[in-house]
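Naming convention: chains lettered A, B, ... in sequence-line order (proteins, then strands); numbering from 1 in each chain.
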4 protein chains.
Amino acid sequence: MSGNTFGEIFRVTTWGESHGEAMGVVVDGCPAGLELSEADVQHELDRRKPGVSELTTERKEADEVKILSGVFDGKTLGTPISMLVWNKDVDSRPYERIKNVARPGQADFTYQMKYGIRDYRGGGRASGRETAARVAAGAIAKKILAMHDIQIRGHVVEIGGIVAKEVGIEELKTNVDKNAVRCADSEAAGKMEALIKQVKAAGDSVGGIVEVIAFGVPTGLGEPVFDKLDAELAKALMSIGAVKGVEIGAGFAAARMKGSEMNDEFYIITAEPVENTESQDFHLGALRDLGGKQEGRIRTRTNNAGGILGGISTGAPVVCRIAVKPTASISKPQRSVDMAKMEEVELKIEGRHDPCICPRIVPVAEAMVALVLVDCWMRNESI
Amino acid sequence: MSGNTFGEIFRVTTWGESHGEAMGVVVDGCPAGLELSEADVQHELDRRKPGVSELTTERKEADEVKILSGVFDGKTLGTPISMLVWNKDVDSRPYERIKNVARPGQADFTYQMKYGIRDYRGGGRASGRETAARVAAGAIAKKILAMHDIQIRGHVVEIGGIVAKEVGIEELKTNVDKNAVRCADSEAAGKMEALIKQVKAAGDSVGGIVEVIAFGVPTGLGEPVFDKLDAELAKALMSIGAVKGVEIGAGFAAARMKGSEMNDEFYIITAEPVENTESQDFHLGALRDLGGKQEGRIRTRTNNAGGILGGISTGAPVVCRIAVKPTASISKPQRSVDMAKMEEVELKIEGRHDPCICPRIVPVAEAMVALVLVDCWMRNESI
Amino acid sequence: MSGNTFGEIFRVTTWGESHGEAMGVVVDGCPAGLELSEADVQHELDRRKPGVSELTTERKEADEVKILSGVFDGKTLGTPISMLVWNKDVDSRPYERIKNVARPGQADFTYQMKYGIRDYRGGGRASGRETAARVAAGAIAKKILAMHDIQIRGHVVEIGGIVAKEVGIEELKTNVDKNAVRCADSEAAGKMEALIKQVKAAGDSVGGIVEVIAFGVPTGLGEPVFDKLDAELAKALMSIGAVKGVEIGAGFAAARMKGSEMNDEFYIITAEPVENTESQDFHLGALRDLGGKQEGRIRTRTNNAGGILGGISTGAPVVCRIAVKPTASISKPQRSVDMAKMEEVELKIEGRHDPCICPRIVPVAEAMVALVLVDCWMRNESI
Amino acid sequence: MSGNTFGEIFRVTTWGESHGEAMGVVVDGCPAGLELSEADVQHELDRRKPGVSELTTERKEADEVKILSGVFDGKTLGTPISMLVWNKDVDSRPYERIKNVARPGQADFTYQMKYGIRDYRGGGRASGRETAARVAAGAIAKKILAMHDIQIRGHVVEIGGIVAKEVGIEELKTNVDKNAVRCADSEAAGKMEALIKQVKAAGDSVGGIVEVIAFGVPTGLGEPVFDKLDAELAKALMSIGAVKGVEIGAGFAAARMKGSEMNDEFYIITAEPVENTESQDFHLGALRDLGGKQEGRIRTRTNNAGGILGGISTGAPVVCRIAVKPTASISKPQRSVDMAKMEEVELKIEGRHDPCICPRIVPVAEAMVALVLVDCWMRNESI
């Protein structure tokens, strides 16, 4: 029944219920000697934490991380790193009233059926708050990856049908955290923000698409035939609460392409790549920069593969997109069932909820991609 | 580096290169006492095997399965079941000529970079032929699931932009294996077939979308927060060679929906469900579980969730769709690189290839869904 | 590199350094609905905790367990149970002085070589204090096993060459916790106690043998051919710090036996077993009492197998013994090496240490046996 | 229920019943580019195969290995290596007659109870013949280890109470395969041989002790706190059919030692080690020879630890001993139970059996130690 551990070598185990004592994670398999402080982790947690803009839930959590083991004199020991954030701004009252009602789109019904018991307060273990632990672990993974010049960038590319225009890598890196929706196209960001406020006012919610790109991934990560890099990414991303779809590279668009369109042709780099310009597009693999010498390397002209062939990284940017469903908790009235009385009821959900979870899923999706990459890195090294 | 085992309790390990001695699989964790014959497995292998229609590769393989262990007096022993099919119709000559060339869209480049060596004949381990082992294992999984009244049906819903219309469950079950494209909408099937022949004639290939539905899945399968049912399905399906995207239920469409549209409202079944009619739609959860008393159960009116909430099955049909890229092996000339000489070349791929892999991916995708479900079933039972 | 998780289904992950913030454990896979309080766990921790007699280290730790997740309204949720005990009576000064010296028989040298860094305070992760987390997890395992009428009893059977006489099951259950050495033979216990005080006074330490018996284990636990019950027990017990040997049933004595002596003959129980008498001996399998009806069952007359045949439990008591080495920390002068200066030194270890670890290993060994049995139980159920 | 896979990174899955089609193994995670031929594996299988001397069973099996995948042009591909040996000299008649009888000391009873079915022919999956697959996998592991100058040597040190005298490393290496009992002390070997013939004539069997030493193991292997090197070795060795005990270094003798006797003091090597002489003893760590420069390294004067401290290799020889029970199959009459008729019977076992399994367990135990070391090597490298 256990299912709260992720990774083979860099192994992450999370725990915690939304209104319980704390949310935590044990990271086992982190290399020894890595400089690590609570500040390193806090930075990522701050990107995920609630209550920072009008677009997110009003629950206020400082989400201050505590490292309880595995670090000594500012360096990792090679032993398990235990981290937690205490749950503080807990208000369980709105949940008391509806504790037996299966909220549509939520896990109340399935948890109750599977376990015969559940912590109904704030969604318990099924709360999005669970992802704080993922982000904390992901912060360590990112730090390791950065030592290998691998960088992970997530951004919102679509909300409620509003599609962001494609941007170059520099724009992506500098713009994303500038607006509350985490969209690199600032014009689209404005429209998205307006839409979110509008659906919130209407007691509703809205979904979107988040893209995560990993730059600098070397050739060779992923373990066929089952633990392929794309397979591991798909599992990692689909395990995030609100995600209903995952695609790599051209993704579902590939279904409408011909082989002659889809195949990325190989060529040999004849000179150092020119500096990034707007016309260059990481979706097309033009921006891979490990920092090292590029000349003489084999690469692809396009990147429909999303940086993965045969389940192994090609060296081009790894490009994933996830479909994020609209937040299930809405204040509009819904029909549902009281599971104790076994009768149908009308439900109006109170409590504090994000009208659109996309902006806050960005750091979570980045964390999951980081966990996959660091684990695949280590698995590839293990010979 | 090992990555050829799938599953936690019902554990499948596959092996074999396309032009090696054989393709095989060891199934560990199959319950004892199950009646099992080679015929049970052969039936599924026959659905996958090549050379059966104009739409598939001309390689002729009987793909006759041999069971080497784990079965005694027609029943499983609870010990590992070792199965293999010998590779017979092997013609490696077309590969000799291009053995150093990285075929676009294939794994030649990444295998060479990762392992420093590869079996270039027929794609070696990266060949689609690897999936024969998955289908053999899946046949056992399906047999176990059938004992619990769980049925898995795959079908092609889109090829090269031609979209099949939605069908009822009976149509789905009866129509799919009737045509060479495995599309339940016979009109669309005709168009798809024509398109495939056309791209084949042009030396090209085409992609599509395959849907797999599992009927009769009980409430409770899936192990949050990482080994959620949808996460395991995503990994299983994305690990199939040509798959570039996976979605569950509404999938990417959810990104454009409001919460009030997406949420599946719960109700209590007040009477036995009427017999299936055309208007009923498994996408909407109206056809859940075959057999068993329905009255008094909680279910959802719609099935945008695709039968999974919080990573746990709801009892509604589990609905997955995969984006299948166009076959990478095309005879149209392509630019690429000779990895030994490190020079650019023009490549014309010979050999025998499927112009559209969708029809043959249907049994493979079913097998992967079956492997996930039987493993999740066992994990859920393990208390 | 990760190695801090134990179990396949009932999965335990421990963390913590001896002089760090806390010692903790995450138990994943515990069934939902189990009544569980901190008191349940505290009882076992109290049996392990230091400072309770003259025979143990003088470090005083209340070792009060905190449950941080996975329990709601006094019942387990089926989600991960996070528990910790804070480290309080920490005195790192004696370790400062010798922080670069490889203490003989300790893990200083190997940790330093493997990780390039170590928390030298109190032995860091390699401290016996690490076992507090095992005992906490084991307390839950024991509670589940007790629901199935499985009881686990450990006792000291030899210290420094003083061998306890064999006792009946009732004597075992009632006597063990009565004396400070946890030996069921009170006469031997007295001699052992005297010996321990004597070696302590001499600045030395002494080893011994601990036996753990599991009563009521049903037939069928253990998963051949690698995850046999005895193989899992051997790993679990050998993973405890001071253990240098593990044997099952007749153990090393079997090496000197003939087949006709070693083989346990089977018979059919013809009547309910008589009540336990002193002459009955659990080593001989005569005391198996699942509580259920015994008549008509097959059992063995003797129990040289230690309750395991072919890696699967027979239904007789499962009998394991471990060789416990003398505590490595002794105050007698020893020759060693300063790893920083790379020069040989004479070492006199200060700090607080157990002159004989056997009494405190009893609850730890019980915990490891409990973890194996509950995991094997679940693995056996998972079909 | 699956339990037939061993290892985390170098992962071995075995299958096969004694009188089924074949015995086989899939080795996943073997590095690519390793030269490997069937002859490499055959050499080890020949050391294990039956029918080679009067001391072993008369079953004649060529045990010719076939490699079915994972090797191309004489080199490993990094893909799974599937190997098998066909079962040829199968005579199931002696088993027909007693197919419902639980043979004492065998797994008939437990398999029947656990699985409700079993292949009674030749012991089915529980046969010692299962170890052929382990030896085949171990041959690959040994080859990898040899590349790192790690050598593994097993020998019989005791049979039926006859104890071999300690020998130096050269004697060990040269003598072991010279006599049928695989004992490096030729005088003791003679007595052991006579004893085995005598017990065979009496229709009985006899047990013994086998020691395995790994030379050249570098410092740092093993992953605390659960996957310690000694813990993994204990599991690996205890998973072999007839093994009832495992000890490391001083083992059970440590229970009678004082800390001042047991602790291995550290020193710094001041000069290259002198050439091996008879007086040097690998049990004492004096013979570690990685081939590299020794001067300036830290080592221990003695090796009571058996080359492992805190679960991590010290660099001294890793020394394990296993207690091997007398073969359960004896022709002397025994009392037992017919499980179908549920009545007590007298049993006289026919068929072909080893009167003492120790000589043939030597290559099996070596294989298991090799599998552990190569896996721990890779786990240690994976950062």
Side-chain angles (χ1 to χ4, degrees), chain C residues 1 3-4 6 102 104-105 107 110 113-114 126 130 161 204-209 219-220 223-228 230-231 234-235 238-239 244-248 251-252 254-260 262-263 265-266 268 298 309-310 312 314 323 325-328 330 332 334-337 383, chain D residues 1 3-4 6 102 104-105 107 110 113-114 126 130 161 204-209 219-220 223-228 230-231 234-235 238-239 244-248 251-252 254-260 262-263 265-266 268 298 309-310 312 314 323 325-328 330 332 334-337 383:
Chain C
M1 293 252 303
N4 295 280
F6 188 84
T110 50
M113 293 295 283
K114 183 180 181 72
E130 164 258 317
D204 214 333
S205 63
V206 68
I209 297 178
T219 309
E223 304 299 332
V225 296
F226 293 118
D227 298 352
K228 290 173 171 176
D230 36 3
K235 176 175 176 177
M238 195 71 97
S239 78
K244 297 303 286 182
V246 179
E247 56 180 17
I248 305 290
F252 275 86
R256 282 137 218 154
M257 289 163 84
K258 298 229 167 59
S260 54
M262 174 75 189
N263 285 351
E265 293 190 330
F266 291 100
I268 299 172
I298 296 170
L309 282 172
I312 300 169
T314 64
K325 73 172 185 178
T327 316
I330 56 175
K332 272 195 172 173
Q334 300 176 90
R335 300 287 312 162
S336 191
V337 170
I383 40 168
Chain D
M1 295 251 304
N4 295 279
F6 189 83
T110 50
M113 292 296 282
K114 183 180 182 72
E130 165 260 316
D204 214 334
S205 64
V206 68
I209 297 178
T219 310
E223 304 301 331
V225 295
F226 293 118
D227 299 350
K228 291 174 169 173
D230 37 1
K235 176 175 175 176
M238 194 71 96
S239 78
K244 297 304 287 181
V246 179
E247 56 179 16
I248 305 291
F252 275 86
R256 284 139 217 152
M257 290 164 83
K258 298 230 168 58
S260 54
M262 174 74 189
N263 285 351
E265 292 190 331
F266 292 100
I268 299 172
I298 295 169
L309 281 173
I312 300 169
T314 64
K325 73 173 185 178
T327 316
I330 55 175
K332 272 195 174 173
Q334 297 177 91
R335 299 289 312 163
S336 191
V337 169
I383 41 168

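Without hydrogens or angle criteria, C:Lys114 side chain to D:Gly220 main chain gives a donor-acceptor distance under 3.5 Å. The backbone N or O of C:Arg335 sits less than 3.5 Å from a side-chain atom of D:Glu265, completing a donor-acceptor pair. Here the side chain of D:Asn4 pairs a donor or acceptor atom with the backbone of C:Val225 at under 3.5 angstrom.
Taking the side chain to side chain donor-acceptor pair (under 3.5 Å) definition, one finds that C:Asn263 meets it with D:Gln334, sequence neighbours left out. In this structure C:Thr110 satisfies the side chain to side chain donor-acceptor pair (under 3.5 Å) test with no other residue, sequence neighbours excluded.
The residue among C:Ala234, C:Gly259, C:Ala254 with the most heavy atom pairs within less than 4.5 Å of chain D is C:Gly259. Counting heavy-atom pairs under 4.5 Å between each of D:Ala255, D:Gly105, D:Ala328 and chain C puts D:Ala255 at the top. Note: D:Asp230 leads D:Val206, D:Thr327, D:Asp230 in heavy-atom pairs under 4.5 Å with chain C. For the options C:Gly161, C:Ser336, C:Ala126, C:Ala107, heavy-atom pairs under 4.5 Å to chain D are most numerous at C:Ser336. Comparing D:Met262, D:Met113, D:Lys228, D:Lys244 by heavy-atom pairs within less than 4.5 Å of chain C, the highest count is held by D:Lys244.
To the nearest 0.5 angstrom, C:Phe252 atom CZ is 3.5 Å from D:Glu247 atom CD. Atoms OG and CE, from C:Ser205 and D:Met257 in turn, are 10.5 Å apart once rounded to the nearest 0.5 Å. Rounding to the nearest 0.5 Å places CD of C:Glu130 at 6.0 Å from CZ of D:Phe226.
Nearest approach of C:Ala323 to D:Gly251, heavy atoms of both residues: CB-O, 3.7 Å. Between C:Val246 and D:Met238, the shortest heavy-atom distance links the atoms O-CE, 3.9 Å.
No side-chain heavy atom of C:Lys258 sits under 4.5 Å from any side-chain heavy atom of D:Pro326. Between C:Lys332 and D:Ser260, some side-chain heavy-atom pair lies under the 4.5 Å cut-off.
Interface residue C:Ile209: backbone and side-chain heavy atoms are both found under 4.5 Å from chain D. Contact annotation for C:Lys325: both backbone and side-chain heavy atoms come within less than 4.5 Å of a heavy atom of chain D. D:Ile330 touches chain C through its side chain: at least one heavy atom from C-beta onward sits under 4.5 Å away, while N, CA, C and O do not. Both the backbone and the side chain of C:Ala102 have a heavy atom closer than 4.5 Å to some heavy atom of chain D.
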